[in-house]
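Below is one structure, written out as structure tokens, with a few remarks after it.
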Amino acid sequence: MTARKGEQRPAATLPVARVWVDVPLAHLDRPFDYLVPAQLAETAVPGCRVRVRFAGQQVDGFLAERVAESDFGGRLGFLSKVVSPEPVLAPEIAALARAVADRYAGTMIDVLRLAIPPRHARVEAEPPPEPSPVPGAPDPAAWRRYPRGPAFLEAVRAGRQAHAVWQALPGEDWPVRLAELATTAAAGERGAVLVVPDYRDVARVHAACVALAGEEAVVALSADAGPAKRYRRWLSVLRGGARIVVGTRASVFAPVHRPGVFVVWDDGDDLHADPHAPYPHVRDVLIQRAHAAGASLVVAGFARTAEAQLLVDSGWAPEIVAARAELRVASPRIVALGETDFQLARDPAARAARIPTVAFEAARAALAGGRPVLVQVPRGGYVPALACQQCRTPARCRRCAGPLGLPTAGRAAARPAGDVRSAARRAGEARAAVGRTAPERAERIGAPGSLFDAGPDEPARRGHVGVPADRAPGAGGLPDAPGGAVGRWEGPGGAGGGRNGTDHAPGGADGTARPPTCRWCGVPDTAFRCGACGSRRLRAIVVGAKRTAEELGRAFADVPVLSSGASEVLAEVPDRAALVVATPGAEPVARGGYGAALLLDGWALLGRADLRAGEEALRRWMLAAALVRPGNDGGRVVVAAESALAPVQALVRWDPVWHARQELAAREELGFPPAVRMASADGPADALATFLDELELPPSGEILGPVQVGDAERALVRTSRKDGRALATALATAQHVRTARKEPDSIRVRLDPLELI
DNA sequence: GCAATGAGCGTC
DNA sequence: ACGCTCATTGCT
């Protein structure tokens, strides 16, 4: 397949190959043209892997397309070699990768690295699989518990495009529901991609799909398989053998033929955010892909994210939720125990474990009935944040609403407030809040003209503009706003004096010498006052529930204790009396359902220095509580958290929709994603400063920070949603400039990063 | 005044 | 890791 030197002649037809070269430089993120030598005319097919000479080096690349002529002015080189004629880059995936790269201010080749697994020559030489038999459509009966469920399945069956945000009932056998969706598509000779957080979920959903659609129709793609196995399975999808793909995040790019339905399960799980550049999120990629492919999409989970709520609010996706009557039948009985309700059990052993009566009794009853009891304990290693001493609402910066923390010696506290710039300020308007001392600033926060005011270019009304489901989710690429423009965003106090708006507290916050400091913008807050209850006292969140769980084991001395966590994760536990201690995300499934669950990780989850802390706590609680039997079958859940808190109320009432609405409203008020588009930029101080200087932001653009993060610095950049595309373009352009200049330092850019501190 | 040499740069 | 440009050097 190698072209020999000297005697090269271009192919007779379509002699020009457009090639994505595998170089890491942002400013080279475009195809380069090469001549196809006559002897490679047949093998140099669109989508194949090639090697080309690029700047004197041999580099890998993907052949995007063959065309008749080039518009390059200079002399073209020849392709050096066709690595393999296998067309691994399907046109659909190429378009998707381009859109994802643009959405995340990254490069095509970075996305292709995520999308296309490494080649394995021996596997490629194996004969292609037979197309799998078309399965029959499954029985949609279980979907009748959800009013719009059967209609959605019917749309998938008929090959119509439909979107949905689905909240599963507690106890729902969701792997089987996902298998039904996939098999319904496969029955119509369409493909399906089911994306789940981890390999345990892959195994469960794969088994469910095999049971419905047959072994040959389904393939499991997850990173834990070796390279040969991985490539073989992926190839079987590419070659049309398997119609249903079950996998973890990278399978969003699986080259299924004629995709009919995409599903992301538990979209709030941070495993759905790829840790490799350009850090795409499964939900975003599937929204884009479903739209481009005319396929259906389900964003699913027990809990609902603010992002999913936005899809509903904008009219992009109708919701699939059960009626309250169904929920009453399915839900375990859930109670919350705050500190005030914390009545210790009389039993001496339980007393030693500091187990409240209600929890102790719930566990005792379940164990007496021969059923396992789930005990959810926090993982170690959460960064302690500051919260209100009195009501434990996380303490937030009054200017940018970032999380407050205690500065470690010699670090973030030193950054002056003057580092904060906004596009508006650059344009010449002096803005009020910048560079003032804290009390002065506090006075100004609620006033018009603060940094958080919606600019003149923002839409005047809050709210969403609904669009028909067949409309583009965003102009020309990934949906900047699924369903178009979303209303304006404002900071604290923007509209009518919000939560933290009018505080003007004298005196120190907690009596310490070092004032609490915002982890985002670096501004110290010498006059903290809780926005929720008005208290001026702060506390650091501390955790001790792991020990509680151990002591609980002693309280039930004759019951076996099983443990599932970071070191060893159990998939399933036997259906008999046992204490199952698990960290969030590692809860084993109990076949008949747990008799009870004790959720002891409340403060650790709610106290995380993360804007998603509440949503994340609810998500993890619901995942655990969903494993418990219905209340009328004795199922009990006890959560150790203050019942006044929104996530706790949402759990007790099993109302993920109510919580998601609140969460989204709060993000709109505070100026967090998904209400705004935000990016983080990390790098050495000097390089970052230059990078930020050169950013050409849209009018709504604003820079927070930088603040010190470890050895480097981090800034946050945000714009309104409608300027999301412009933000990504600005960041990409700034990266192009840097790599073109051969700057030695690199700046890491992430859009809408999940962890924002 | 101009060839010989080398560093830097773009990259088809 | 090549081949191009452009600056510097050294010789007539």
Side-chain angles (χ1 to χ4, degrees), chain A residues 1-91 93-95 97-99 101-102 105-113 115-116 118-119 277-278 683-684 686-687 690-691 694 729 731-747 749:
Chain A
M1 282 187 187
T2 308
R4 254 164 287 140
K5 264 199 170 139
E7 48 187 273
Q8 307 229 68
R9 261 182 295 112
T13 56
L14 303 178
V16 175
R18 315 206 73 208
V19 176
W20 292 101
V21 290
D22 191 353
V23 289
L25 301 170
H27 66 290
L28 301 180
D29 184 26
R30 58 194 162 89
F32 288 85
D33 292 351
Y34 287 85
L35 285 170
V36 178
Q39 70 270 32
L40 299 183
E42 301 303 313
T43 51
V45 295
C48 77
R49 298 179 212 252
V50 293
R51 274 181 86 74
V52 293
R53 188 190 203 86
F54 189 75
Q57 289 181 89
Q58 289 297 331
V59 299
D60 290 319
F62 295 97
L63 197 159
E65 56 180 336
R66 295 267 301 262
V67 293
E69 49 191 317
S70 170
D71 43 19
F72 178 60
R75 231 180 55 224
L76 297 183
F78 282 89
L79 295 178
S80 306
K81 164 178 184 189
V82 170
V83 174
S84 139
E86 190 81 40
V88 291
L89 178 56
I93 304 302
R98 183 66 266 168
D102 291 343
T107 64
M108 178 81 172
I109 206 76
D110 277 346
V111 181
L112 294 182
R113 243 192 302 281
I116 301 174
R119 183 169 110 98
D686 294 350
T690 313
F691 179 83
E694 286 169 352
T729 307
L731 292 163
T733 304
Q735 294 281 43
H736 292 180
V737 169
R738 290 188 63 74
T739 58
R741 258 197 239 127
K742 299 218 181 296
E743 299 272 1
D745 298 313
S746 60
I747 301 293
V749 169

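The sequence lines fix the lettering, A, B, ..., with proteins before strands; numbering per chain opens at 1. All figures in this text were calculated on a predicted structure; none of them were measured in a lab.
Within the 4.0 angstrom heavy-atom criterion, base atoms lie near A:Arg30. Within 4.0 Å of A:Phe72, counting heavy atoms only, lies at least one base atom of the nucleic acid. If you check every strand for non-hydrogen atoms under 4.0 Å, A:Gly74 touches nothing. Using a 4.0 Å heavy-atom distance criterion, A:Arg18 is classed as making no nucleic acid contact. Counting non-hydrogen atoms under 4.0 angstrom, A:Leu28 reaches a base of the nucleic acid.
A donor-acceptor pair is defined here as one N or O able to donate and one able to accept, closer than 3.5 Å; no such pair exists between the side chain of A:Arg738 and the backbone of A:Ala26. A:Arg49 places no side-chain N or O within 3.5 Å of a backbone atom of A:Val88 that could act as its donor or acceptor partner. With A:Glu694 contributing its side chain and A:Thr733 its backbone, the two residues share no donor-acceptor pair below 3.5 Å.
Atom pair A:Arg741:CZ and B:dG8:P shows a separation of 18 Å (rounding to whole Å applied). Going from atom CZ of A:Arg66 over to atom P of B:dC12 covers 20 Å, rounded to whole Å. Rounded to an integer number of Å, the gap from CZ of A:Arg51 to P of B:dC12 is 15 Å. Between the P atom of C:dG3 and the CZ atom of A:Phe54 lies a distance of 16 Å, rounded to the nearest Å. When the P atom of B:dG8 is taken as reference, atom NZ of A:Lys742 falls 13 Å away, rounded to whole Å. Across the protein-nucleic acid pair, A:Glu65 atom CD and B:dC12 atom C1' stand 14 Å apart, rounded to whole Å. Summarising the geometry, the separation between CZ on A:Arg53 and P on C:dA1 is reported as 10 Å, rounded to the nearest angstrom. With rounding to whole Å, A:Leu63 atom CG is found 16 Å from B:dC12 atom P.
In this entry C:dA1 has no Watson-Crick or G-U wobble partner, no candidate having both defining distances under 3.5 Å.
Residues A:Val45 and A:Val82 have side chains not in contact (no heavy-atom distance under 4.5 Å, counting atoms from C-beta outward). With a 4.5 Å cut-off on side-chain heavy atoms, A:Phe691 and A:Val749 count as touching.
Side-chain proximity of A:Gln57 to the nucleotides C:dC2, B:dC12, C:dA1 is greatest for C:dA1.
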